[in-house]
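The structure appears below as structure tokens.
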Amino acid sequence: MAKGLPKRSEDYSRWYTELVLRAELADYAPVKGCMVIRPYGYAIWERIQSTLDRMFKQTGHVNAYFPLFIPESFMTKEAEHVEGFAPQCAVVTHGGGAKLEEPLYVRPTSETIIWSMYGKWIQSYRDLPLLINQWANIVRWEMRTRLFLRTTEFLWQEGHTAHATETEALEETVKMLEVYRTFAEEYMAVPVIKGVKSESEKFAGAVRTYCIEAMMQDGKALQAGTSHYLGQNFAKAFNVQYQTKEGKLEYVYATSWGVSTRLVGALVMAHSDDNGLVLPPRLAPIHVVIVPIFKGEEERALVLGKARALADSFGPETIVRLDDRDNVSAGWKFNEWELKGVPVRIEIGPRDLAKGQAVMVRRDLGEKRAVPLESLKEVVLRELQDMQGALLHKALDFRQASTKRLDDYESFKKQMEEPIPGFVDAGWCGSAECEAKLQEETKATIRCLPLAGQPEKCSCIRCGNPSERRVIMAKSY
RNA sequence: CGGGGCGUAGCGCAGCUUGGCUAGCGCGCGUGGUUUGGGACCACGAGGUCGCGGGUUCAAAUCCCGCCGCCCCGACCA
């Protein structure tokens, strides 16, 4: 393994790519724009998955699986949807050595195939709400790809729900957005802003798109999750009606919501440093690594024995790895486990044993600290907890420091030229034209209209016209 | 799709300008030994369709033509 990662300050994008490759989260696949998620990266995804899955089930959802292939005719049923997705779809034209009667789209998202089935399953108000989630892979033919952040194929979860009323569907939409916020902040230790997307950034086929926006260390925004209120658009396209108590026929109301393997990229970009990954304990595949240090057989037996006992003293909820390889030096191991972002490292050698202690290093702090063996487990558990909180606070502080409230266009443009452009909180008149021009002129986009924001009389930062509210603008991934 | 870069051992590269003999270096890998508190060392060893196809030549990694692939930067997107 080569030494040294590029510095974030010198080349953030190269730092990111090299880190993902060298920490063995992922590797480039033979197909352009595709990646292999390697075991260590997949382990992070599995932890994301199992946590969210539990949260979805706690909110009444069940899992199902719908097919990868979607008949072309389904894709074209909802006008906006097809217009939005057609350009990025992979289409299968041949199967079994023969040209297909009807081309099959590889799902870019599953609204159409799911709503074609919901049509069969929903007849009465008694069938509602229908709350289904699926874990799946999807394909979107992107022009430009980046490991985890944007790949041609990616893994995600997509929730698709059907409701009797608009109110209920809207409640569901914001409820799931809140689930995402909770997950991002409590597990990923990534603070997010809940908001509504502008018309132009809205999901193709949605009435309204909600999102959570996170800030990466280079001051760019990353959309970390979305939740859509679909109104009756898909119900009408697929003719999904239900009979009310009164016997009337009504179209059902829909939502859909998703997060993807992009979250792994968000995790990397939110916390990691020039030495490698920094993983929040609640999502780290390995919590504690023990590196034994010894000379000769005698010490080896002694130190390894103690190290094993130490590893075994932790309960099943703490994942401890004893690195007893003898083909690499202790120093090499330190660097490797830092690269891989293991939250806590314990060094234990003869000198420690003589003093009845071990050396402990927290990944985010990097300082060595001697801890008596008898209290080691307790201290480690506390540090894991503290680190989880510390990462969130650090990220939050960074976001606050990198968010500017601005009112004139010139300072805004200047801000977007800064090495860390950050978020700008500014007025927007609401016109699509201003939005487009703003993007053209500054490379920034309107990330969202924050839910927390109060209506406020101000003026549009670009055209100066009256504005009813402030929005978040930023360069983004 | 436009611009740039790169394709030579598992990885990173040199060699190409000015064709030549057995294609080289570092890391990694294997074996043996000494080692282990911040990326250890010695010895021996394995490992190559020089991206692909064609051409020029006595001779091509090197020159010419064509193709392919990947990465990076811009226009679409979670």
Side-chain angles (χ1 to χ4, degrees), chain A residues 1-6 11 13-14 16-18 21-22 24 27-35 83-89 108-109 137-158 180 197 200-204 209 211-214 221-228 256-266 275-276 291-297 299-300 303-304 323-339 345-355 357-359 361 366 368 370 439-440 443 445 476-477:
Chain A
M1 178 160 314
K3 294 184 182 185
L5 221 46
D11 192 340
S13 132
R14 243 190 77 217
Y16 172 80
T17 302
E18 293 233 350
L21 293 173
R22 282 168 51 175
E24 299 182 344
D27 201 353
Y28 289 107
V31 179
K32 182 180 164 70
C34 292
M35 68 170 175
E83 196 189 323
F85 280 106
Q88 11 173 198
C89 284
T109 178
N137 60 333
I138 62 179
V139 167
R140 295 182 185 175
W141 217 261
E142 301 290 350
M143 301 186 195
R144 230 185 116 198
T145 56
R146 300 198 66 195
L147 295 168
F148 285 110
L149 300 178
R150 177 165 299 108
T151 48
T152 299
E153 179 191 8
F154 58 94
L155 305 183
W156 78 345
Q157 94 6 252
E158 45 182 327
Y180 289 154
K197 283 294 186 189
S200 73
E201 299 263 333
K202 203 184 65 178
F203 174 76
T209 288
C211 62
I212 50 172
E213 292 284 329
L222 182 83
Q223 180 175 310
T226 50
S227 185
H228 314 291
S256 70
W257 28 273
V259 298
S260 71
T261 37
R262 167 180 266 195
L263 291 183
V264 178
N275 293 325
V291 179
I293 295 153
F294 48 78
K295 296 190 192 54
E297 264 316 306
E299 276 185 10
R300 182 191 149 90
V303 171
L304 274 184
D323 188 352
D324 60 0
R325 289 176 294 175
D326 54 10
N327 58 331
V328 289
S329 70
W332 199 94
K333 292 175 187 175
F334 297 164
N335 285 288
E336 169 162 286
W337 293 116
E338 273 167 17
L339 179 66
R345 178 175 82 236
I346 294 170
E347 305 169 16
I348 184 159
R351 296 208 299 259
D352 299 305
L353 288 187
K355 287 188 266 183
Q357 63 172 41
V359 171
V361 187
K368 297 198 184 201
Q439 178 167 4
E440 226 177 276
K443 302 288 173 208
T445 49
S476 73
Y477 279 98

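Since this is a predicted model, take the numbers as computed values, not measurements. Hydrogens, waters and symmetry mates play no part in the numbers below; they use all other heavy atoms, side chains included.
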So which protein N/O to nucleotides 67-72 of chain B N/O distances come out below 3.5 Å?
residue: B/C70; atom: OP1; partner: A/Lys32; partner atom: N; Å: 2.8

Protein-nucleotides 3-12 of chain B N/O pairs closer than 3.5 Å?
none

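Evaluated for a side-chain contact (heavy atoms from CB on, under 4.5 Å) with A/Val303, the options A/Leu353, A/Asp324, A/Asp352 yield exactly one hit, A/Leu353.
The gap from the P atom of B/G38 to that of B/C50 amounts to 44 Å, rounded to the nearest Å. For the P atoms, the distance linking B/G4 with B/C41 amounts to 43 Å, nearest Å. A distance of about 15 Å separates the P atoms of B/U8 and B/G53, rounded to the whole Å. Of the P atoms belonging to B/A23 and B/G47, the separation is 14 Å, rounded to the nearest Å. B/C70 and B/G51 are spaced 10 Å apart, taking the C1' atom of each and rounding to whole Å. When the P atom is compared between B/G54 and B/U62, the two are found 14 Å apart, to the nearest whole Å. One P atom belongs to B/A9, the other to B/G48, and the distance between them is 10 Å to the nearest Å.
Candidate nucleotides B/G39, B/G37, B/A78 were compared by shortest atom distance to the side chain of A/Thr226, and B/A78 ranks first. Distances were taken from every side-chain heavy atom of A/Met143 (C-beta onward) to each of B/A78, B/C76, B/G39; the shortest belongs to B/C76.
Under 3.5 Å, the side chains of A/His228 and A/Thr209 contain a donor-acceptor pair of N or O atoms.
Rounded to an integer number of Å, the gap from CG of A/Asp324 to C1' of B/U36 is 14 Å. One atom, CG of A/Asn327, and another, P of B/C29, lie 7 Å apart when rounded to the nearest Å. To the nearest angstrom, P of B/G28 lies 13 Å from CZ of A/Arg22. Regarding A/Arg300, its CZ atom lies at a distance of 15 Å from the P atom of B/G37, rounded to whole Å.
When each of A/Pro292 and A/Arg140 is assigned the nucleotide of RNA chain B bearing its nearest heavy atom, the one mapping closer to the 5' terminus is A/Pro292.
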